[in-house]
Amino acid sequence: MTPTLSPPTAGIVLRGLVKSFTGPNGPVHAVRGVDITIAAGETVALLGPNGAGKSTTIDMLLGLTKPDAGDVHLFGMTPKEAIAHGAIGAMLQTGAVLSDLSVRELLDMMGSLYPHPLSVDETLELAGIRDLADRKTTKLSGGQTQRVRFAVAMVSNPDLLALDEPTVAMDVEGRHQFWASMRAFTSRGKTVLFATHYLEEADAYADRIILMARGEVVADGPSTEIKAAAGGRTIRGTLPGADLAALAALDGVRSVDQRGDSITLDCTDSDSAVRALLHEFPGVRDLEITGAGLEAAFLQLTGDNDADGTDARTTTGRNTTARNDGVPA
Amino acid sequence: MNTTYAKYEVLRLVRNKRAFIFSLIFPLALFLVIAGSNKDQFIDAGNVHLPFPTFYMVSMASYGAMIAAISGGARVALERSVGWTRQLRLTPLKVRTYFSTKVLTAYAMALVSIALLYIAGISYGVRISPFGRWLGMTGLLLVGVLPFVALGIAIGHLLTIDAMGPAVGGGSAFFGFLGGQWFPLPDHGALHYIGEATPSYWLTQASHVGIGAPSWNAQGWLIVGAWIVATTLLAGWSYRRDPNRV
């Protein structure tokens with residue numbers, strides 16, 4: 001029998017994980033002392049921007065990368081033992097699926113490697129890819145491939161499902177179906193850890209968010225706590241020929257960014273900022289006020305406010321946000 | 001051995017038509033063209049006087065088996081390139097099962113290559129008797145090809161998919177040349193001794209069982225055995241080296 005027999009307290013324990021790589025500009029400290037404990041049955045989001053150490057942490061959790069220090073216990077076992085018991089289902093960040101097979105054949109093959117797999121039909125149903133069953137794996141779109149990879153992770157009927165950026169290549173509909181499948185899966189009492197850089201996904205689907213930055217855990221708690229800590233809001237609008245300095249000087253505005261005619265104000269107090277904005281710049285239109293983006297949460301929770309870092313991060317963050325908005329979940 | 005897993009591996013082998021055909025076509029085409037244009041010629045191999053197509057068939061059988069075996073590496077590299085090997089490491093699939101299935105598929109390819117050459121040979125009038133020579137030759141070829149199966153798996157894990165064409169082509173040319181598969185080695189001198197140390201030389205000797213040569217001597221078994229051990233260790237190391245590299 002798989003380790004479902006273990007007591008519920010024996011979930012996932014990562015203790016003092018440290019990992020450095022040798023990069024072109026000297027050592028890169030990818031993970032610098034991460035402690036995470038996850039109870040069996042929890043759905044946890046590992047949230048952070050690219051380079052936060054999420055993938056490295058997941059790789060160490062899965063035993064693909066050997067930590068420089070620290071250890072990993074999965075249901076009281078080492079990663080290798082847990083994998084050998086078929087207790088882990090994983091969907092890695094990169095990778096396609098095996099060619100020259102149909103989706104059904106692929107799932108049948110993968111299921112055959114595990115002691116207690118789900119049936120192929122059940123997996124197809126759960127992953128919402130019944131219509132793709134007889135499709136060749138080479139004839140799938142990017143989003144469909146992601147969902148097939150998710151099905152590959154689920155067919156093992158694992159106690160822990162570890163997903164690294166699972167929705168990256170998916171379109172709107174794909175995301176919806178993906179998270180619906182996920183809910184159906186977690187309702188069976190499975191433990192799920194997923195890495196993401198979408199705050200919205202972490203917010204909507206995780207019981208708990210672990211926020212990582214620069215190789216460390218900077219916040220760990222229910223999403224409401226993280227959001228409260230993130231605080232600020234963002235105002236977007238259209239304002240041709242905007243005077244950036246004047247905008248930045250408005251009440252409640254922390255920083256300003258401009259893309260063509262559109263402006264983005266990162267606010268500490270969006271209520272004051274929007275009043276002042278409409279007063280000083282009556283020409284502004286298409287206003288939108290949104291809650292804190294991941295980047296704002298990051299800046300606040302990590303205290304990383306030095307000018308250069310902020311600019312660089314802000315730019316990346318807005319790109320991410322913009323792309324995310326293009327395909328709202 | 002996991003039969004479901006093995007079944008799909010074999011299915012994939014046959015379904016990838018381009019790779020399937022390219023692993024088999026070269027020795028077969030060489031045989032058809034060269035033996036075809038020398039159908040009525042005779043050749044002296046050692047102290048045997050025999051029809052040229054017979055000699056060329058057994059030579060190409062050993063060469064084809066070697067190429068088919070090394071080509072297994074291309075399939076490994078392809079699977080690595082799409083991250084599949086990494087995914088497999090996260091399943092309970094045992095390393096032993098993974099390897100034995102890879103050996104099985106490489107063997108299947110080698111057998112198909114040998115069979116195609118036998119069929120082509122017979123259609124050109126090649127007759128080998130007693131029948132035991134067919135069996136002795138085939139059996140010994142299947143032992144002698146094992147270092148190349150393991151070598152293919154190793155290079156598939158060590159090199160990228162882009163490097164596989166040159167590696168398979170270059171590797172088989174290197175061993176084909178040194179092992180006397182391209183043309184007979186001299187009876188003495190450095191090239192002879194270097195040739196004798198290669199597994200391809202013994203693969204050629206294995207094929208000559210079909211034309212009445214004796215089976216391997218102790219030196220042959222020893223050299224082939226050493227190559228099997230060395231290439232298997234290399235393949236094992238190449239897989240375990242760094243899980244994150246795949």
Side-chain angles (χ1 to χ4, degrees), chain A residues 2 19 21 30 55-56 58-66 74 79-102 104-117 120 136-138 145 148-149 152-153 155-156 158 160-162 164, chain B residues 1-23 71-72 74-102 104-105 108-109 156 160-161 164 239-246:
Chain A
T2 51
K19 183 69 189 180
F21 297 104
S55 288
T56 309
I58 288 197
D59 283 355
M60 286 191 280
L61 173 116
L62 295 172
L64 288 171
T65 297
K66 196 173 157 20
L74 308 176
K80 205 176 167 186
E81 290 163 351
I83 285 169
H85 278 84
I88 314 296
M91 178 173 169
L92 300 170
Q93 190 173 359
T94 53
V97 285
L98 209 53
S99 55
D100 302 309
L101 290 177
S102 72
R104 176 186 295 280
E105 289 169 336
L106 180 76
L107 292 175
D108 186 30
M109 171 172 148
M110 291 309 278
S112 80
L113 306 178
Y114 290 87
H116 311 286
V120 173
K136 288 281 175 228
T137 54
T138 39
T145 301
V148 169
R149 293 178 66 225
V152 166
V155 74
S156 59
L160 167 67
L161 195 55
D164 196 356
Chain B
M1 183 68 61
N2 173 328
T3 50
T4 308
Y5 178 63
K7 175 184 87 182
Y8 285 120
E9 280 284 284
V10 172
L11 212 54
R12 291 182 53 240
L13 185 72
V14 181
R15 282 185 185 167
N16 189 346
K17 291 193 185 64
R18 208 162 21 159
F20 187 71
I21 291 168
F22 270 94
S23 317
S71 299
R75 289 191 299 276
V76 172
L78 182 69
E79 288 172 26
R80 278 175 57 229
S81 73
V82 298
W84 193 254
T85 315
R86 207 162 174 257
Q87 184 77 41
L88 279 183
R89 286 176 199 269
L90 299 174
T91 71
L93 178 69
K94 289 192 179 65
V95 181
R96 202 171 350 113
T97 312
Y98 172 78
F99 273 100
S100 49
T101 310
K102 289 280 172 243
L104 176 85
T105 49
M109 286 303 283
T160 64
I161 185 76
M164 286 318 289
Y239 180 78
R240 288 197 178 84
R241 190 173 51 138
D242 181 358
N244 245 348
R245 219 183 285 238
V246 292

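The chains referred to below are lettered A, B, ... by the order of the sequence lines, with proteins before strands, and numbering in each begins at 1.
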Chemist: Can you tell me which portion of Ala84(A) sits under 4.5 Å from chain B's heavy atoms? Options are side chain, backbone, both or neither.
Modeler: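 Contact with chain B: backbone only.
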Chemist: With chain A as the partner chain, list the residues of residues 12-23 of chain B whose heavy atoms fall under 4.5 Å from it, by residue number, and write 'none' if nothing qualifies.
Modeler: Arg12(B), Arg15(B), Asn16(B)
Chemist: Search all heavy atoms of Trp84(B) against all heavy atoms of Leu106(A) and return the closest pair with its distance.
Modeler: CH2-CD1, 3.7 Å
Chemist: Report the option among Leu62(A), Leu98(A), Ile83(A) that has the most heavy-atom pairs separated by less than 4.5 Å from atoms of chain B.
Modeler: Leu98(A)
Chemist: Mind listing the closest non-hydrogen atom pair of Gly86(A) and Pro92(B) along with its distance?
Modeler: CA-CG, 3.6 Å
Chemist: Hey, could you give me the CE/NZ distance between Met109(A) and Lys7(B), rounded to the nearest 0.5 Å?
Modeler: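 That separation rounds to 11.0 Å.
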Chemist: Pick one of side chain, backbone, both or neither for Ser102(A), based on which atoms fall under 4.5 Å of a heavy atom in chain B.
Modeler: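 Backbone only.
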Chemist: The criterion is side chain to side chain contact (heavy atoms under 4.5 Å, CB included); which residues satisfy it with Thr138(A), sequence neighbours excluded?
Modeler: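 Partners of Thr138(A) under the side chain to side chain contact (heavy atoms under 4.5 Å, CB included) test: Ser99(A), Lys136(A).
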Chemist: Flag the pair Leu64(A) / Leu90(B) as yes when at least one side-chain heavy-atom distance between them is below 4.5 Å, and no otherwise.
Modeler: yes
Chemist: Pick one of side chain, backbone, both or neither for Val152(A), based on which atoms fall under 4.5 Å of a heavy atom in chain B.
Modeler: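 When you check distances to chain B, only side chain atoms of Val152(A) fall under 4.5 Å.
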Chemist: Any donor and acceptor pair, going by atom type alone, linking the side chain of Gln87(B) with main-chain N or O of Met91(A) inside 3.5 Å?
Modeler: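 Absent.
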Chemist: Looking at Thr91(B), Leu93(B), Thr4(B), which makes the most heavy-atom pairs under 4.5 Å with chain A?
Modeler: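 The candidate making the most pairs under 4.5 Å is Thr91(B).
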